[in-house]
Amino acid sequence: MLEIDELTGGYFAGNPVLHGIRLRGAPGQLVSVLGANGAGKSSLLGAVFGFLPQVSGSIRLDGKPLAGLGTHQVARAGVRMVPENRGTLPSLTVLENLQLGGMGLPPEEVATRVEAELARFPRLRERLRQRAGMLSGGEQQMLAIGRALMARPRLLLLDEPSQGLAPVIVEQIFELLGTLRGSDMTILLVEQDVGLSLEISDYAYVLEKGRVTREGGAAKLLGDPMVREAFLGVA
Ligand SMILES: Nc1ncnc2c1ncn2[C@@H]1O[C@H](COP(=O)(O)OP(=O)(O)O)[C@@H](O)[C@H]1O
Ligand SMILES: [Mg+2]
């Protein structure tokens, strides 16, 4: 269970970009944070993953406090992040990137999990010996997600997986993300693509200028006139 309370934070002391955020994510849930460019979505993920410099308030995962920990310790607590730039290592092969995601596990376990990710992303099996840098944008996104899942995280953070991808590829990625719901992992997805995100979310928060201005079940937000007008372009 992810519990964020009274989270305020930013890049410089006295200049917060996040203001008093409260957020919950239960195991099995896909929770979206929606908002325009500059709303503070990446900063929020940075606060959870331990690289936003100034953080106050409480961030807990399964009761364990994360606020103030470095990225390394947050990762050790069972958190993985797929950053906006995907973060795969371009000169390593697809297989090597996946194996890195299982670092620290016994080799047989790594092999088992690689097999599980290749079953999830058949495209990656076809590209197994190619360098990650040679993959298409969509394939790199699949690799980044697969690599994060190798660790079987308690909490998966995703920063705008739709970015820079063709609509048909985005739909494939989001469909896949939808299938990840219902396990004992919490997924926190931040996105500008509000319509697609709400389709696969259990619950969502709208972030504006670092503040949560709306929240609710995905169906409720899809029907919210403000959300429809501001983010979906329909009245
Ligand atoms: N590295 C940084 N240093 C200083 N300010 C930043 C940095 N990154 C983002 N910001 C500022 O923080 C605010 C929120 O940005 P960000 O979290 O990147 O928004 P989003 O991910 O929703 O587009 C913006 O005002 C942005 O200018
Ligand atoms: Mg961002």
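Counting starts at 1 for both ligands and their atoms, following the listed order.
Taking any N or O of Phe12, backbone or side chain, none lies under 3.5 Å from an N or O belonging to ligand 1.
Each of the following atoms of ligand 1 lies closer than 4.0 Å to a heavy atom of Ala36: 22 (O). Near Asn37, with a cut-off below 4.0 Å to any heavy atom, the atoms of ligand 1 are 23 (O).
Residue Arg113 forms a salt bridge (Lys or Arg N to Asp or Glu O under 4.0 Å) with just one option from Glu109, Glu117, Glu115, and that option is Glu109.
Under 4.0 angstrom from ligand 1, the non-hydrogen atoms of Val17 all belong to its side chain.
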- For side-chain hydrogen bond (donor to acceptor under 3.5 Å, both in side chains), just list the numbers for Asp159 and Ser42, CA-CA rounded to whole Å, side-chain angles, deciding distance to a tenth of an Å, and then say yes or no. CA-CA 7 Å; Asp159 197 347; Ser42 296; 2.7 Å; yes

- Evaluate the criterion side-chain hydrogen bond (donor to acceptor under 3.5 Å, both in side chains) for residue pair Ser162 and Glu191; output intermediate values, then yes/no. CA-CA 8 Å; Ser162 74; Glu191 257 295 331; 3.0 Å; yes

- Message: Using side-chain hydrogen bond (donor to acceptor under 3.5 Å, both in side chains), reason through Ser32 and Ser201 one step at a time and then give a plain yes or no.
- Response: CA-CA 6 Å; Ser32 291; Ser201 298; 2.5 Å; yes

- Message: Between Gln29 and Tyr203, does the side-chain hydrogen bond (donor to acceptor under 3.5 Å, both in side chains) criterion hold? Intermediate values first, please.
- Response: CA-CA 8 Å; Gln29 270 191 335; Tyr203 200 87; over 6 Å; no

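The closest protein non-hydrogen atom to atom 5 (N) of ligand 1 is Tyr11 CD1, 3.4 Å. In terms of protein heavy-atom proximity, atom 25 (O) of ligand 1 is closest to Gly38 O, 4.2 Å. Protein heavy atom nearest atom 18 (O) of ligand 1, with residue, atom name and distance: Ser42 CB, 3.9 Å. At the top of the distance list for atom 19 (O) of ligand 1, counting protein heavy atoms only, stands Gly40 N, 3.1 Å. Considering only non-hydrogen protein atoms, atom 16 (P) of ligand 1 sits nearest to Ser43 OG, 3.6 Å.
Note that atom 2 (C) of ligand 1 has protein non-hydrogen atoms nearby, at separations under 4.0 angstrom.
Among the atoms of Ser42, an N, O or S atom falls under 2.8 Å from the Mg ion (ligand 2).
In terms of heavy-atom proximity, Met1 sits nearest to Asp62 at N-OD1, 2.5 Å.
Leu23 is listed as a side-chain neighbour of Leu188, based on a closest heavy-atom distance under 4.5 Å.
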